[in-house]
Amino acid sequence: MNFLLTASGLRNETLRDALRDMLGKPFGSANIVYVPTASVAEPGDHGWFVEDMNRLHGLGWREFDVLELNGLPRHMVLDRLLHADVIYVGGGSHYHLARSITGNGLTDGFLEALENRVYVGFSAGSMVFSRNLTGHSADVIGDTTDLHVLGATTVEPPFGLFDWYLKPHLYSPDFPERDDAWADRIAARADFPIYFIDDETAVRVRDGEVDVISEGRWRFHP
């Protein structure tokens with residue numbers, strides 16, 4: 001399985017080169033499927049979503065599909081995941097995304113698709129693989145409100161592939177509270193490993209090996 005888990009998409013050439021390397025062929029020879037599910041649970045202006053989709057589309061794919069995980073037959077969702085070379089899952093509410101995967105019975109099909117495809121996550125799309133995506137971690141991180149607004153008090157991790165948790169948008173001007181002091185407070189409370197990454201960074205996982213690629217800044221607390 002190959003993962004490129006970004007905070008804010010393919011914003012720089014280092015991240016784009018990493019995807020090219022993982023894909024093993026030009027973007028123009030590959031199919032990509034964009035999953036916007038997490039974004040629909042976020043209120044307010046969605047200019048960030050349009051910007052990300054336009055940036056991604058501009059890379060010149062052979063085929064650019066858009067796939068919502070809710071409301072379609074399960075077999076249709078899985079067929080379209082399997083048709084892609086790259087599965088790109090966008091940002092928004094990671095809790096809504098996780099609940100959409102488990103609630104629609106997509107976990108096993110997703111994992112099957114990921115065996116031979118590259119997965120790229122944007123923010124929420126990068127967060128759903130931790131086995132520590134739970135009600136407890138929501139309390140540690142301080143985003144239980146995001147869970148409660150969905151009418152839930154807990155969440156089931158859909159995949160549980162990694163013991164570490166990923167928290168995006170460190171030092172981001174869109175999230176001015178996410179500075180070193182913010183990360184320090186979370187790290188002091190956490191009983192699980194955490195990567196804090198900025199918008200120019202990704203955690204890369206290739207065949208179980210984890211590293212960080214970046215044109216920005218990041219922190220890891222084991």
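Since we're looking at a predicted model, the values are computed, not measured.
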Looking at [X] and [Y], what are the two nearest heavy atoms and their distance?
X: Gly135; Y: Leu147; value: CA-CD2, 4.4 Å
X: Val128; Y: Gly125; value: CG2-O, 4.0 Å
X: Ser123; Y: His169; value: OG-NE2, 2.8 Å
X: Asp143; Y: Lys167; value: OD2-NZ, 3.5 Å
X: Ser39; Y: Pro36; value: OG-O, 2.6 Å
X: Ser93; Y: Leu150; value: OG-CD1, 4.0 Å

Answer yes or no: is there a side-chain heavy-atom contact under 4.5 Å between [X] and [Y]?
X: Leu114; Y: Phe129; result: yes
X: Arg99; Y: Glu156; result: no
X: Phe192; Y: Val140; result: yes
X: Asp191; Y: His136; result: yes
X: His96; Y: Val40; result: yes
X: Arg131; Y: Asp163; result: yes
X: Ser130; Y: Leu166; result: no

Keeping the roles fixed (side chain from [X], backbone from [Y]), state whether a donor-acceptor pair exists under 3.5 Å.
X: His94; Y: Gly92; result: no
X: Arg74; Y: Gly105; result: yes
X: Asp85; Y: Asn31; result: yes
X: Thr107; Y: Pro158; result: yes
X: Arg217; Y: Asp198; result: no
X: Thr6; Y: Gly121; result: yes

Spacing of [atom1] belonging to [X] relative to [atom2] belonging to [Y], to within rounding of 0.5 Å:
X: Ile87; Y: Arg117; atom1: CD1; atom2: CZ; result: 6.5 Å
X: Asp199; Y: Arg11; atom1: CG; atom2: CZ; result: 5.0 Å
X: Ile101; Y: Asn70; atom1: CD1; atom2: CG; result: 10.0 Å
X: Ser100; Y: Leu106; atom1: OG; atom2: CG; result: 8.5 Å
X: Leu78; Y: Asn104; atom1: CG; atom2: CG; result: 10.0 Å
X: Leu97; Y: Met127; atom1: CG; atom2: CE; result: 10.5 Å

Open item on the list: According to a hydrophobic-cluster definition based on side-chain heavy atoms being under 4.5 Å apart (Ile, Leu, Val, Met, Phe, Trp, Tyr only), do Trp218 and Ile141 belong together?
Closed with: yes
Task: Transitive ILVMFWY side-chain link Leu82 to Val77, under 4.5 Å - done: no
- [ ] Assess whether atom NE2 of His148 is packed by more than 12 heavy atoms of other residues, nucleotides or ligands within 6.0 Å.
- [x] yes
TODO: Could you check Tyr195 against Phe162 for ring pair (Phe, Tyr, Trp, His ring centres under 6.0 Å), going step by step and ending with a plain yes or no?
DONE: CA-CA 12 Å; Tyr195 284 95; Phe162 312 131; 9.5 Å; no
Task: Trace of the side-chain contact (heavy atoms from CB on, under 4.5 Å) decision for Val212 with Phe220 - done: CA-CA 10 Å; Val212 177; Phe220 177 64; over 6 Å; no
Open item on the list: Please give the remaining members of the hydrophobic cluster of Leu4, linking ILVMFWY side chains under 4.5 Å, ordered by chain and number.
Closed with: Leu10, Leu15, Leu19, Met22, Leu23, Phe27, Ile32, Tyr34, Trp48, Phe49, Val50, Met53, Leu56, Leu59, Trp61, Phe64, Val66, Val86, Tyr88, Val118, Val120, Phe122, Ile213
Assess the side chains of [X] and [Y]: does a donor N or O sit below 3.5 Å from an acceptor N or O?
X: Asn132; Y: Ser137; result: no
X: Asn2; Y: Arg206; result: no
X: Thr14; Y: Glu215; result: yes

Task: ring-ring contact (aromatic ring centres under 6.0 Å, His included) partner of His221, the single match among Phe196, Tyr165, Trp164 - done: Phe196
Task: Glu13 with Arg16: basic N within carboxylate O range, under 4.0 Å - done: yes
TODO: Give the C-alpha distance, both sets of side-chain angles, the deciding distance and a yes or no for side-chain contact (heavy atoms from CB on, under 4.5 Å) between Leu69 and Phe110.
DONE: CA-CA 11 Å; Leu69 301 183; Phe110 242 103; 4.2 Å; yes
Please list every donor-acceptor pair under 3.5 Å in which a side-chain atom of residues 173-180 meets a protein atom from a residue at least two apart or in another chain.
unit_1, atom_1, unit_2, atom_2, d
Arg178, NH1, Pro168, O, 2.9
Asp179, OD1, Ala181, N, 3.3
Asp179, OD1, Trp182, N, 2.9
Asp180, OD1, Tyr171, OH, 2.5
Asp180, OD1, Arg219, NH1, 2.8
Asp180, OD2, Tyr171, OH, 3.4

- [ ] For this output row, return yes or no: ring centroids of Phe159 and Tyr119 closer than 6.0 angstrom.
- [x] no
- [ ] Could you please spell out the steps behind the side-chain contact (heavy atoms from CB on, under 4.5 Å) verdict for Thr102 and Val155?
- [x] CA-CA 10 Å; Thr102 57; Val155 60; over 6 Å; no
